[in-house]
Amino acid sequence: MLKGKNIVLGITGGIAAYKSPAIVSKLRKQGANVKVIMTPSATEFITPLTMQTVSNNVVHITLFDQLKNMDVEHVSLAKWADLILVAPASANTIAKFANGICDNLLTTVLLAGRSKIVFAPAMNTFMLNHPATKKNIETLKGFGVVVLKTKTDILACNEYGDGKMLEPEEIVELVDLELTEKDLCGKRFVITSGPTIEAIDPVRYITNHSSGKMGYALAREAKARGAEVVLISGPTAITPPAVDTFIRVQSTAQMFKAVEEHFANCDVLIKAAAPADYAPLNYSENKIKKTDTEGTDSGFHEIKLKKNPDIAKHFGAIKGTRILVGFAAESTDEITYGLRKLREKNMDFIVVNNITKEGAGFKSDTNIVSIIDKNKNIEHFDTMHKVELAKIIISKVKELL
Ligand code: PMT
C-alpha cells in the first residue's frame with residue numbers, strides 16, 4: 001500500500017535515468033510522497049528541474065547545501081523515508097554502498113538509512129556480470145537490501161544482454177509489495193479469473209467478456225499480503241501477476257479440474273471467474289461448413305448445449321471451514337439474485353455487480369459492487385478501481401480467517 005508512504009528516490013548516473021520521472025509520477029498517483037536525491041552524474045542525464053516538477057519537491061543533490069532549516073539533510077531524509085528506492089542503480093553506487101563509502105548525498109543517506117532499501121540496477125552486461133559487481137550485489141543482499149532483477153534486451157550501448165532496468169510500473173509494483181503488511185503469511189488462496197471458452201469446432205467458440213482484471217487484482221493483493229496464491233485463469237489479453245502457481249485453462253471443465261487439484265490444500269477459494277455455463281454437446285473435429293446447412297433449412301444452424309459443472313456450488317457444498325467468496329454478474333435485481341447465489345452455493349460472502357452499469361463488471365478498470373455476507377448484511381460501494389476493490393475484498397477475507 002503506497003498511500004501516505006514517504007519514498008526517497010535516488011537517481012544515479014545512467015541512461016535509464018530517463019525513466020525516473022515516470023517512476024515518480026506512478027508513485028505519486030498511488031498516493032506516495034516522493035523526495036528525490038540525484039548524484040552529480042545523474043544530473044548529466046536528466047535535469048533536476050524535471051525531477052522537481054514531477055515530484056513537487058525540492059531536489060537534493062549536494063552534501064554540503066546551505067541548511068534551509070537546522071536539520072542535517074542526510075539524517076532528516078533518511079529519517080523521513082519509509083523506503084529508499086535507487087533507480088537506476090549504477091555499478092558505481094552499488095559498489096560504494098557495498099563498501100560503506102559515502103562521498104555524495106545519496107550514498108550518505110543510504111548509510112544513514114533506517115528504512116527498507118530497494119535497488120533497481122541498470123548497466124552494461126559486462127559490468128553486471130563482472131565478479132566485482134556480483135560480489136557487491138551479494139553484499140547488498142546480505143545487508144537486507146532488495147536488489148531487483150534486470151532484463152535481457154538490446155541495451156543503450158547497443159549490445160544485447162542482461163542489464164536493462166525494469167519498467168517503471170514493474171518497479172512501482174515491487175515497491176508496493178515491499179511496503180504492504182504481510183498479514184496473510186501461511187494462508188493459501190485459490191483464485192479463479194477471466195472467462196472460459198467452449199469450443200464448437202476448431203474455429204469457433206462460446207465465451208463472455210471477462211478480461212481477468214478483477215481476478216488478477218485479487219491475486220496480486222493476496223500475494224502482496226504474503227499469501228501463497230494459486231491463480232487459475234481462462235484466456236486473457238492482460239499479463240498475470242507474479243503468483244506462486246499460475247494455471248492457464250480454456251474450458252469450464254478444465255477450470256473445475258484445476259480447482260479440484262488445489263482445493264484440499266487451500267484456506268480460501270475466490271471465484272472471480274466468469275465460467276461459461278454451457279458447452280456444445282458435440283465438438284466438431286472439422287470446421288463446420290456453411291454448406292452443411294445450405295439447402296436443408298432457412299439459414300439456421302442449431303448447436304445443442306450441455307450444462308457445465310457449477311464450480312462454486314460443487315466446492316461450496318464440501319468447503320468445511322474454508323472461506324468461499326463468489327461474485328454475481330447480474331443485469332437486473334442484483335441483490336435478490338446475489339442473495340440466492342450466496343445461499344445456494346454456500347458462500348461466506350458474495351460480491352454483486354450489475355454488469356449493465358457504466359464502470360462496472362466486465363472489462364472496465366473499475367467496478368461498482370455490493371457485498372452481501374451470510375447474515376444478509378449489505379454494503380454498497382460506489383465506482384472504484386478494481387485494485388482498490390481487491391484490497392477491500394481481501395481485507396474482508398482476512399477478518400474471517
Ligand atoms: O474479468 P473482468 O473483466 O474484470 O470482469 C469481472 C467480472 C464481471 C467477471 C467479475 O466481477 C464477476 O462478476 N465474476 C463472476 C461472473 C459470473 O460467472 O457470475 P455468475 O453470476 O454467472 O456466477 C456466480 C458465481 O458462480 C461466480 O462466482 C462464478 O465464478 C461461479 N460459477 C459460475 C458458473 C459456473 N459454471 N461455475 C462457477 O463457479
Side-chain angles (χ1 to χ4, degrees), residues 190-198 206-221 231-241 249-260 262-263 268-279 305-319 323-372 381 383-390 392-394 397:
V190 173
I191 299 175
T192 69
S193 185
T196 59
I197 62 174
E198 303 293 348
I206 299 169
T207 190
N208 58 62
H209 296 291
S210 173
S211 64
K213 287 179 184 171
M214 190 66 246
Y216 286 11
L218 288 160
R220 188 174 286 115
E221 176 65 11
L231 175 60
I232 302 166
S233 175
T236 60
I238 57 170
T239 310
V249 297
Q250 300 290 315
S251 65
T252 298
Q254 286 172 1
M255 187 171 273
F256 182 98
K257 200 162 163 282
V259 172
E260 191 171 40
H262 293 275
F263 184 71
V268 179
L269 171 61
I270 305 184
K271 291 285 302 127
D277 289 316
Y278 292 91
L305 301 176
K306 62 178 181 209
K307 217 169 183 184
N308 270 329
D310 189 315
I311 307 168
K313 191 168 182 184
H314 176 90
F315 292 100
I318 56 168
K319 80 182 186 70
I323 307 298
L324 173 61
V325 178
F327 277 73
E330 306 294 346
S331 53
T332 56
D333 302 323
E334 58 264 34
I335 300 298
T336 311
Y337 290 123
L339 269 166
R340 190 182 297 169
K341 284 177 184 171
L342 172 85
R343 203 175 46 245
E344 284 176 1
K345 303 191 189 198
N346 194 25
M347 294 166 174
D348 290 272
F349 65 89
I350 191 160
V351 184
V352 181
N353 38 204
N354 183 327
I355 43 120
T356 62
K357 282 189 196 160
E358 177 89 29
F362 296 113
K363 282 186 183 164
S364 73
D365 287 337
T366 57
N367 211 346
I368 307 165
V369 304
S370 301
I371 298 183
I372 315 176
F381 296 89
T383 312
M384 69 169 74
H385 202 284
K386 283 177 179 168
V387 170
E388 286 305 309
L389 179 59
I392 291 171
I393 294 170
I394 297 296
V397 170

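Each residue takes its place number in the sequence, starting with 1. Both ligands and their constituent atoms are indexed starting at 1 by order of listing. For clarity, every value in this text was computed on a predicted model and none was experimentally measured.
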Below 4.0 Å, non-hydrogen atoms only: which portion of [X] touches ligand 1? Side chain, backbone, both or neither.
{"X": "V351", "result": "neither"}
{"X": "K363", "result": "backbone"}
{"X": "S193", "result": "neither"}
{"X": "D310", "result": "both"}

Quick one: do the [X] and [Y] side chains pair a donor with an acceptor below 3.5 Å?
{"X": "N367", "Y": "N353", "result": "yes"}
{"X": "Q250", "Y": "T196", "result": "no"}
{"X": "N354", "Y": "E334", "result": "yes"}
{"X": "S211", "Y": "Y216", "result": "no"}

Measure from [atom] to every heavy atom in [options] and give the option owning the shortest one.
{"atom": "atom 36 (N) of ligand 1", "options": "A329, P309, G215, G361", "value": "P309"}
{"atom": "atom 24 (C) of ligand 1", "options": "F362, F315, F327", "value": "F327"}
{"atom": "atom 15 (C) of ligand 1", "options": "S233, A274, A273, G234", "value": "A273"}
{"atom": "atom 22 (O) of ligand 1", "options": "K313, K341, K307", "value": "K341"}

Original post:
Any heavy atom of K345 sitting closer than 4.0 Å to ligand 1?
Top reply: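 It does; at least one heavy atom falls under 4.0 Å.
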**OP:** Please verify whether a non-hydrogen atom of N353 lies at under 4.0 Å from ligand 1.
**Re:** yes
Evaluate [X] for polar contact with ligand 1, using N/O atom pairs at a separation under 3.5 Å.
{"X": "A272", "result": "yes"}
{"X": "M214", "result": "yes"}
{"X": "A312", "result": "yes"}
{"X": "K271", "result": "yes"}

Original post:
What are the atoms of ligand 1, with element, lying closer than 4.0 Å to any heavy atom of A328?
Top reply: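 Listed by number with element: 21 (O).
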Original post:
Which ligand 1 atoms, with their elements, are less than 4.0 angstrom from a heavy-atom of S210?
Top reply: 1 (O), 2 (P), 3 (O), 9 (C)
Original post:
Do other residues, nucleotides or ligands put more than 12 heavy atoms under 6.0 Å from K319 NZ?
Top reply: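 Result for NZ/K319: enclosed.
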